Peer 1: 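Dumping the structure here so I can ask a few things about it.
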Amino acid sequence: MCGIVGIVGKYPVNQSIYDGLTVLQHRGQDAAGMVTLHDGKMFMRKANGLVRDVFHTRHMHRLAGNVGIGHVRYPTAGCASSAEAQPFYVNSPFGIALAHNGNLTNAAELKKELYQTDRRHINTSSDSEILLNVFAHELQKGTSLKPAPEDIFNAAEQVYKRCYGGYAAVALILGVGMVCFRDASGIRPLVIGKRETEAGTEYMTASESVALDALGFELIRDVEPGEAVFVEFDGGLHHKVCAPKTQLTPCIFEHVYLARPDSMIDNVSVYKARLRMGEKLAEKIQREWADHDIDVVIPIPDTSTTSAMQLAHGLNLKMRHGFVKNRYIGRTFIMPGQQMRQKSVRKKLNAIELEFKDKNVLLVDDSIVRGTTSQQIVEMARDAGANKVYFASAAPPVRFPNVYGIDMPAASELVAHDRTVKQIEELIGADKLIYQELDDLIEAVQEGNPKLTKFDTSVFTGDYITGDIDEKYLYDLEQSRNDTVKSNSNLEDVDMVMDIHNEGNG
């Protein structure tokens, strides 16, 4: 889970990209980066930390130009080294910078190909650098000093043939333009928008529509699965579906947890989808537990609040905000290491005792991943005086790791893996545990856009839609994601301020 932004503008874009990245900060708090282009030169700033901490006034002055891309990152394999902060850059051909959200499932094979066949060196363990080098190599096969749209699309076609998995990317090509593309299954989100100015039309791409909203861009549409969109620096826009076979199967977990509620993804309002998740949960409780003794519904902030509100309405109960959140603590399920997560939960949330005292409370969360947070929150509710503590999840049990760009833990660290609902209930210490049904979750999202016929639900079902995931891949993934590896990761902060000078007419 990362966030990307790209703008081809008529005025300096550094502040706009900064603001766009701030809006997408929920998609990654590990590192941030930006590349702008001006007068034939690329200027880069990237480092570990939040957007506000990475970019200072002196950096913004250096990031000159009317064209740029940006990225917010969290580590897809647990490594927090700023050597893997994005965007990445290669100087051949032309000079290309790329930012990427997602995961290439055949990254190991591609890395070998790049070295043995393409004669390209990969300097990090990031699959984003691999994606950049594959695109650069395919673009280099052209003969023109200034590639035409068809040259860009030909390179994109080869990228789709070589690169598997779920990904959305945006790249700047010196002297040429900006190109963005989305994986052939449309797993990771990507939108394109425009803004009219006195100087002409500006174009913007981003992971979520809220970034466009914040900057006054009009949402044109979602980038289609397997589609590349090319924007020339003079404002010309071209697009083509370049993948040989496509099917829109977006990640349903974007609606459960990842995306902001004010986003539109594939023509579905995330906010309304979460309202419907609450409705479905209320219907399940009425159907299976009609004689419940719940006194009050309390959301675990913030992602579950929308679902909890509608759940309470459906059960004709009051919803109360019983937890106060410290908004300066990062998301706990993506923190490297179980010990760090355990320490952070009580720092992140504090219970309001009067909302719990002598009541039967139904706590509502968007999902349950490791169970560590849920267990401690149940304890906090009891410590605050709750009589009974029930727990509801707006998502089904998360039983399998994600391989398409969400750093969920290894399967053995998922609380629902190889456990029944009753066992999970006992483990987190709840008096009763209610999970959303998968069919209900799918209906909650699909109702917003009936054209969506299939979703990536692999974290719930273990069915990986790209068809290239086997037991060996999952074993290797588990080795890279377990907490021991994460605790031994290189956490050294490397500040990177780079001016990349190249000749060109961008």
Side-chain angles (χ1 to χ4, degrees), residues 1 3 22 24-32 47-54 72-75 78-82 256-258 260-261 297-308 319-357 361-386 389 391-394 398 406-409 413-415 427-430 481-489 491-493:
M1 184 180 72
T22 302
L24 296 177
Q25 187 75 83
H26 62 284
R27 299 189 68 88
Q29 299 106 41
D30 176 64
N48 274 10
L50 301 175
V51 174
R52 65 172 184 243
D53 299 322
V54 169
V72 288
R73 173 187 184 269
Y74 85 95
C79 176
S81 170
S82 62
V256 171
Y257 174 78
L258 302 181
R260 275 182 38 156
V297 175
I298 295 179
I300 298 168
D302 284 316
T303 320
S304 64
T305 301
T306 307
S307 296
M319 189 194 85
R320 290 289 184 263
H321 293 283
F323 293 105
V324 176
K325 181 179 180 180
N326 178 353
R327 301 183 186 279
Y328 303 96
I329 299 290
R331 289 180 160 184
T332 52
F333 97 85
I334 63 175
M335 288 183 176
Q338 188 81 346
Q339 186 177 7
M340 187 181 297
R341 282 187 297 275
Q342 290 173 343
K343 288 180 179 179
S344 70
V345 173
R346 287 183 180 266
K347 293 178 182 178
K348 184 172 74 169
L349 295 177
N350 189 47
I352 301 174
E353 185 174 329
L354 63 88
E355 296 294 355
F356 293 90
K357 186 74 172 174
V361 300
L362 175 63
L363 305 180
V364 181
D365 208 348
D366 52 78
S367 59
I368 304 172
V369 181
R370 289 181 175 89
T372 307
T373 300
S374 304
Q375 183 182 45
Q376 293 187 58
I377 289 173
V378 169
E379 290 177 1
M380 291 172 66
R382 295 196 190 282
D383 291 345
V389 182
F391 205 101
S393 167
V398 176
I406 306 173
D407 188 30
M408 286 185 177
E413 296 172 5
L414 295 168
V415 69
L427 194 64
I428 68 173
R481 287 187 177 179
N482 68 58
D483 278 333
T484 301
V485 171
K486 290 184 178 183
S487 64
N488 291 331
S489 294
L491 301 179
E492 180 182 0
D493 183 21

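Note that the numbering runs from 1 along the sequence shown for the chain. Please read these numbers as outputs of a predicted model, since none were measured by experiment.
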Peer 1: Roughly how far apart are T373 OG1 and I368 CD1, rounded to 0.5 Å?
Peer 2: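 Those atoms lie 10.5 Å apart.
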
Peer 1: Are D365 and L363 side-chain neighbours, meaning at least one heavy-atom pair lies under 4.5 Å?
Peer 2: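 When only atoms from C-beta onward are counted, L363 and D365 do not touch, as no gap falls below 4.5 Å.
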
Peer 1: Under the side-chain hydrogen bond (donor to acceptor under 3.5 Å, both in side chains) test, which residues partner R320, sequence neighbours left out?
Peer 2: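 By the side-chain hydrogen bond (donor to acceptor under 3.5 Å, both in side chains) rule, R320 matches no residue at all.
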
Peer 1: Is there a side-chain contact between I298 and F356 (heavy atoms, below 4.5 Å)?
Peer 2: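 The answer is yes; the side chains approach within 4.5 Å.
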
Peer 1: Quick one: CD1 on I428 to CD on E379, what's the gap to the nearest 0.5 Å?
Peer 2: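 One finds 11.0 Å between CD1 of I428 and CD of E379.
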
Peer 1: Suppose we screen for ring pair (Phe, Tyr, Trp, His ring centres under 6.0 Å). Which residues come up paired with F391, at least two apart in sequence or across chains?
Peer 2: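 Ring pair (Phe, Tyr, Trp, His ring centres under 6.0 Å) check on F391 returns nothing, list empty.
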
Peer 1: How about L349 and N326: do any of their side-chain heavy atoms sit closer than 4.5 Å?
Peer 2: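 Contact flag for L349/N326 side chains = no.
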
Peer 1: Please list, chain by chain and in numerical order, all residues satisfying side chain to side chain contact (heavy atoms under 4.5 Å, CB included) with Q25, sequence neighbours excluded.
Peer 2: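 Expected list: Q29, L50, V51, V72.
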
Peer 1: For the CG atom of D383 and the CD1 atom of I377, what is their distance to the nearest 0.5 Å?
Peer 2: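 Nearest 0.5 Å value for the CG-CD1 distance: 12.5 Å.
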
Peer 1: Quick one: side chain to side chain contact (heavy atoms under 4.5 Å, CB included) partners of M319, sequence neighbours excluded?
Peer 2: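 By the side chain to side chain contact (heavy atoms under 4.5 Å, CB included) rule, M319 matches V297, P299, T305, A308, M309, A312, H321.
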
Peer 1: For D302, what residues pass the side chain to side chain contact (heavy atoms under 4.5 Å, CB included) criterion, not counting sequence neighbours?
Peer 2: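 Partners of D302 by the side chain to side chain contact (heavy atoms under 4.5 Å, CB included) criterion, ordered by chain and then number, come out as K325, R327.
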
Peer 1: What are the two closest non-hydrogen atoms of S367 and S393, and how far apart are they?
Peer 2: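 Reported closest heavy-atom pair: CA-OG, 3.4 Å.
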
Peer 1: In chain order, what residues pass the side chain to side chain contact (heavy atoms under 4.5 Å, CB included) check against I352, with sequence neighbours excluded?
Peer 2: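 Counting only residues at least two positions away or on another chain, I352 forms a side chain to side chain contact (heavy atoms under 4.5 Å, CB included) with V324, L354, E355.
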
Peer 1: Please find the pair of heavy atoms, one from L414 and one from P409, that lie closest to each other, and give the distance.
Peer 2: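 Closest approach of L414 to P409, heavy atoms only: CD2-CG, 3.6 Å.
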
Peer 1: Kindly write out the residues that satisfy salt bridge (charged side-chain N to carboxylate O under 4.0 Å, His left out) with E353, not counting sequence neighbours, or none if the list is empty.
Peer 2: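 Applying salt bridge (charged side-chain N to carboxylate O under 4.0 Å, His left out) to E353 gives none.
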
Peer 1: Supply the atom-to-atom distance M1 CE to H26 NE2, rounded to the nearest 0.5 angstrom.
Peer 2: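 Taking CE in M1 and NE2 in H26, the distance rounds to 7.0 Å.
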
